[in-house]
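Please read the structure below before turning to the comments.
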Amino acid sequence: MSARVRFAPSPTGYLHIGGARTAIYNYLFAKANNGTLILRIEDTDLERSKREYEVLQVADLKWLGIEFDESPEKPGKYGPYRQSERTDIYLKYAQMLVDKGLAYYDFCTDAELEAMKERATQEGRPPHYDGKWKNEKYWEEAQAKLAAGEKGAIRFKASQKSYILNDRVRGRIVFPENMVGDFVLIRSNGQPVYNFCCVVDDMLMKITHVIRGEDHLSNTLRQMMLYEAFDATIPEMVHVSLLIGNDRQKLSKRHGATSVNLYREESYAPQALVNYLCLLGWSHPEEKDIFTLQEIAPVFNLDRFSKSPAIYDIEKLKWVNGQHLRKIDNEILVKQLDAFIDSGHWFHKQPHDWKIACIALFKEQIQFFQEIIPHLEALHSKELVRDEKLNEILSWPTTPQIAAFLSKELEQIKTHYVEAATFNQWMDKIKTELKIKGKPLFMGVRVSLTGHDHGPELNQLIPLTPVDVLKARVKNLLT
RNA sequence: GCUCCCAUCGUCUAGCCCGGCCUAGGACAUCGCCUUUUCACGGCGGUAACGCGGGUUCAAAUCCCGCUGGGAGUGCCA
């Protein structure tokens, strides 16, 4: 039987990086095993689920390079792929359990349940449902209520024995007896509940491996009971450790950017995010740390998951991003930059070759795509911002000499830009005629021409800077 | 509270299942040095970890127990 895996997000918000990570693992597993990847929308919480979030999440997934073999947009033969469209299926299966005597109708009110929980807690018992409507003496009443059209929830008779789960990453897990009370399958409003839908769908969609976050580990007990009730085999369970913040707490908004769309907006390379996320809790057999999904799909396997939670550290992401950015073709980068920079910006008026040269020059220096903006601004700024270090260089006796020389040379230039060859001639002349060399030479020229004490290599930078800007800077410095 | 899970450098991790080759390896970050001379990139090097306590064993990061710490769950949320 070929592998079938699914990613099952709830459309209640943007795609979270934790969700993206499990999607990646599922994708990789499917690819590695020539299997099928399914997208199932878990929108049984009508209150919080929104179609627009589903659209957004799918778009983010696509941006990350994750495509599905079966999904709401691309139905296979196990649809529908939105749980909200499968209600009658769940109802049917719930009724089957009722008929088999494995589940029952419950007509308790919220207040009743609340009181029940409170009582149990006070008495030091686990806050389980007390099984009132399971009791024979209420059967007739239940039938009557049902006949009268009253809405009741359907509860599963939780078996009170101990269960053993063989989890692919966590090994043998023993759930002791009496851990859960009778739980709801169908709400009194007729809507099914997560744990139930999940089992029915995984069963019907013939899912072979469930790869999901460790937060679902305890849900697995209930789900095992349901598989048992349906006389079905449990898929292979793969519970991956969670992502946490630098304070070791559950990852949340206060830890910074936790949703994928934010990274897209900040122009991170999607393959970098994917690469980094993949490495959080999984390791490459050869300990490689820069790769694409296509590259590692053949070697991806379930044996290399770490069991402990991983702290999400954006510093390493930045580095990974830089590594990927350097591999991207300059033409593509220019296109992205065009889209990234505001339409009114002078950058758009530059010739294509100039843009390419800029990208080539700066791509080695930036980790964030957006960090290129200050670099670009620096090319066009006539300003000379004096700080301590700059003033020190300006105080060197050689610097005014260099500036004066450059000023004269610049007057000779009739073109819009200085050629690299011309610039190199200047350097030679300063060396031979002015007899300046070493640090005073390079820093003197750099400061005179750029107004900064740092930046890319001069012979690449200067040919990209307009002559009038260079003139203004030198003049600025001489006065 | 109860239940389950987890525990190697600041961070991500390799090693653990099948004890010796581990004076614990790699990567990010950090520090220093080198590099047609700056920041960066690159190269070289440094600082830095087996949570604690007991066992078992000739030998333990690796196996067992306890403690401590952390995480998750405990819903008519997913």
Show every donor-acceptor pair shorter than 3.5 Å between a side-chain atom in residues 220-227 of chain A and any protein atom, with sequence neighbours excluded, or say none if there are none.
unit_1	atom_1	unit_2	atom_2	d
A/T220	OG1	A/R212	NH1	3.3
A/T220	OG1	A/H216	O	3.0
A/T220	OG1	A/L217	O	3.0
A/T220	OG1	A/H239	NE2	3.3
A/Q223	OE1	A/R212	NH1	3.4
A/Q223	OE1	A/R212	NH2	2.8
A/Q223	NE2	A/N195	OD1	2.9

Legend entry - Close aromatic pair by centroid cut-off 6.0 Å: A/Y93 and A/F230: yes

Legend entry - Base B/A29 to side chain A/D313, donor-acceptor N/O within 3.5 Å cut-off: no

Legend entry - Candidate nucleotides B/U74, B/A78, B/U38, ranked by approach to the side chain of A/R222 - the nearest: B/U74

Inset, instruction - Among A/I244, A/T258, A/N246, A/L280, find the residue that satisfies the side-chain contact (heavy atoms from CB on, under 4.5 Å) test when tested with A/Y312. - result: A/L280

Inset, instruction - Give, ordered by number, those residues of residues 273-280 of chain A having at least one heavy-atom distance below 4.0 Å to an atom of RNA chain B; if nothing qualifies, reply none. - result: A/L279, A/L280

Inset, instruction - Within residues 158-167 of chain A, find the residues that approach RNA chain B with a heavy atom at under 4.0 Å, and present them sorted by residue number. - result: none

Legend entry - Between C1' of B/C28 and NZ of A/K288, the distance in whole Å: 19 Å

Inset, instruction - Indicate whether OP1 or OP2 belonging to B/A78 is found under 4.0 Å from a side-chain N or O atom of A/R187. - result: yes

Inset, instruction - Report yes if a donor N or O on one partner sits less than 3.5 Å from an acceptor N or O on the other, where the partners are the side chain of A/Q249 and the base of B/G70; otherwise report no. - result: no

Would you list the protein and nucleotides 66-68 of chain B atom pairs, both N or O, that sit under 3.5 Å from each other?
none

Legend entry - Selection from B/U13, B/G75, B/C28 that lies nearest to any side-chain heavy atom of A/E315: B/C28

Legend entry - Note, A/F305 side chain near A/S241 side chain (heavy atom, < 4.5 Å): no

Inset, instruction - Go along nucleotides 3-8 of chain B 5' to 3' and tag each nucleotide: B for a protein heavy atom under 4.0 Å from its base, S when only backbone or sugar atoms are that close, - otherwise. - result: SSSSS-

Legend entry - Pairs flagged by ring-ring contact (aromatic ring centres under 6.0 Å, His included) wherever residues 157-184 of chain A is involved - sequence neighbours left out: A/F156-A/F183

Inset, instruction - Measure the distance from CG on A/D303 to C1' on B/C18 and round it to the nearest whole Å. - result: 15 Å

